[in-house]
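We number each residue from 1, following the sequence as shown.
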Amino acid sequence: LEPFTSNMAHAWAPQEIAEMVAKQPLDFAPGTQQKYSNSNYLMLGRIIEIITGESYEKQIQSKIAAPLGMTKLLSGNDKLIVNHESCGYAGGKPDPLRKPMMASMIPPMATGNLIGTSEDIVRLVNQGKLLHHNLIDMPPTGPWILADGRVAQTSNHFLDLDFNESLLDGMVYFGLPDRNMDLVGKDGMFPGFASWFLYDPQTRTAVAVVTNLESKSVE
């Protein structure tokens with residue numbers, strides 16, 4: 001997506017990125033395939049702002065962070081000094097550590113521009129207190145069906161890591177066959193950083209992991 005990809009250090013406004021996306025051809029006809037898309041969440045963030053008349057950042061703080069006790073959760077800001085914030089790194093064994101590519105925290109918006117601690121993230125397990133349905137315990141009834149009758153599902157199998165990833169009903173399921181576990185969760189990456197949120201519905205155990213070395217995120 002140009003010119004965004006050529007200048008990721010620029011603080012592109014969500015409206016600017018939306019205009020770029022609007023000019024792109026469709027990858028496929030709506031209803032015929034499923035594919036994860038960051039731009040969809042960017043649009044969702046803009047819809048929230050238009051409907052509420054408030055910034056996405058303010059909505060996150062008032063509707064999610066404060067009620068769940070996320071005391072350190074912040075929206076991305078390129079200029080804000082954050083106490084005890086870790087420096088992000090790239091590289092690592094066998095290569096030397098180095099600084100990650102320069103990228104602004106402004107453009108991601110609703111696609112994932114939040115700064116927080118693992119303690120903050122793990123509190124997402126309590127989101128059932130805020131929503132009409134506890135999504136991680138009671139996922140939406142489905143599955144969603146495409147126009148040709150196929151299930152709207154995307155699956156990946158990682159042989160070297162021995163787990164399966166499945167995108168179904170708007171959620172991500174991680175299957176670990178050697179442990180007989182099926183987890184609900186989400187992983188995310190930003191230059192220099194990565195995070196994981198995993199929840200086991202059987203034991204009602206939630207785990208959050210954050211790292212400031214993006215190349216080691218899966219490990």
Side-chain angles (χ1 to χ4, degrees), residues 8 36-42 44-45 56-57 59-61 63-78 80-93 97-128 130-131 134-137 139 154 156 158 160-167 170-176 181-201 203-219:
M8 295 183 65
Y36 183 88
S37 172
N38 278 350
S39 58
N40 287 351
Y41 290 91
L42 181 69
L44 180 59
Y56 174 75
E57 176 181 1
Q59 286 291 302
I60 288 293
Q61 290 297 327
K63 297 294 195 301
I64 298 177
L68 292 185
M70 295 177 169
T71 58
K72 295 182 174 62
L73 194 72
L74 300 170
S75 293
N77 187 310
D78 296 335
L80 184 68
I81 300 297
V82 180
N83 290 333
H84 309 300
E85 182 180 21
S86 298
C87 175
Y89 296 93
K93 295 179 181 180
L97 290 176
R98 63 181 186 276
K99 289 185 177 180
M101 65 176 291
M102 295 293 292
S104 171
M105 287 288 292
I106 306 301
M109 195 194 180
T111 69
N113 76 336
L114 302 177
I115 301 172
T117 65
S118 55
E119 289 83 357
D120 284 331
I121 299 172
V122 81
R123 290 178 182 271
L124 288 173
V125 75
N126 296 314
Q127 50 80 33
L130 309 180
L131 306 175
N134 186 343
L135 296 179
I136 56 180
D137 277 318
T154 302
N156 297 301
F158 302 89
D160 54 332
L161 301 172
D162 197 27
F163 75 85
N164 304 309
E165 179 186 73
S166 175
L167 278 70
M171 304 186 71
V172 182
Y173 296 87
F174 296 94
L176 288 78
M181 295 177 69
D182 291 306
L183 309 178
V184 180
K186 187 70 177 74
D187 62 298
M189 293 185 66
F190 187 82
F193 302 91
S195 63
W196 286 78
F197 171 78
L198 295 170
Y199 174 69
D200 179 9
T203 63
R204 297 186 58 81
T205 301
V207 176
V209 179
V210 295
T211 174
N212 61 335
L213 180 56
E214 60 182 66
S215 59
K216 299 295 182 181
S217 62
V218 177
E219 290 184 25

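To the nearest 0.5 Å, atoms NZ (Lys63) and CG (Leu68) are separated by 13.0 Å. Separating the OG atom in Ser104 from the CG atom in Asn113 is a distance of 9.0 Å, to the nearest 0.5 Å. Taking OG1 of Thr111 as the start and CG of Asn40 as the end, the distance is 11.0 Å to the nearest 0.5 Å. Here Met109 contributes atom CE and Leu114 contributes atom CG; the two are 11.0 Å apart, rounded to the nearest 0.5 Å.
For the pair Gly76 and Ile106, the tightest heavy-atom approach, listed with the atom from each and the gap, is O-CD1, 3.8 Å. In terms of heavy atoms, Ile64 sits closest to Leu130 at CA-CD1, 4.0 Å. Contact between Arg123 and Glu119 at its shortest, heavy atoms only, is CG-O, 3.3 Å. When all heavy atoms of Glu214 and Pro100 are compared, the pair lying nearest together is OE1-CB, 4.0 Å. Of all heavy-atom pairs between Pro108 and Phe190, the closest is CG-CE1, 4.1 Å. In terms of heavy atoms, Met189 sits closest to Ala194 at CG-CB, 3.9 Å.
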With a 3.5 Å cut-off and sequence neighbours excluded, list the donor-acceptor pairs that the side chains of residues 203-210 form with protein atoms.
residue	atom	partner	partner atom	Å
Thr203	OG1	Asp200	OD2	2.9
Thr203	OG1	Thr205	OG1	2.9
Arg204	NH1	Asp137	OD1	3.4
Arg204	NH1	Asp137	OD2	2.7
Arg204	NH1	Tyr199	OH	3.4
Thr205	OG1	Thr203	O	3.4

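No more than 12 heavy-atom neighbours from other residues, nucleotides or ligands sit within 6.0 angstrom of OH on Tyr89.
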>> Using the rule given for side chain to side chain contact (heavy atoms under 4.5 Å, CB included), can you reason through Met105 versus Ile115, listing the C-alpha separation, both sets of side-chain angles and the distance that settles it, and then say yes or no?
In response: CA-CA 9 Å; Met105 287 288 292; Ile115 301 172; 3.7 Å; yes

> Between Tyr173 and Asp182, does a side chain to side chain contact (heavy atoms under 4.5 Å, CB included) hold up when you go through it step by step?
Replying inline: CA-CA 7 Å; Tyr173 296 87; Asp182 291 306; 5.8 Å; no

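With hydrogens and angles ignored, the 3.5 Å screen pairs a side-chain donor or acceptor of Gln61 with a backbone N or O of Leu73.
Of the candidates Ile60, Ile121, Asp120, Asp120 is the only one forming a side chain to side chain contact (heavy atoms under 4.5 Å, CB included) with Met70.
The shortest side-chain heavy-atom distance between Ser166 and Val172 does not fall under the 4.5 Å cut-off.
Among residue pairs with one or both ends in residues 188-199, none qualify as salt bridge (charged side-chain N to carboxylate O under 4.0 Å, His left out); sequence neighbours excluded. Under the side-chain hydrogen bond (donor to acceptor under 3.5 Å, both in side chains) criterion, no residue pair touches residues 186-196, with sequence neighbours excluded.
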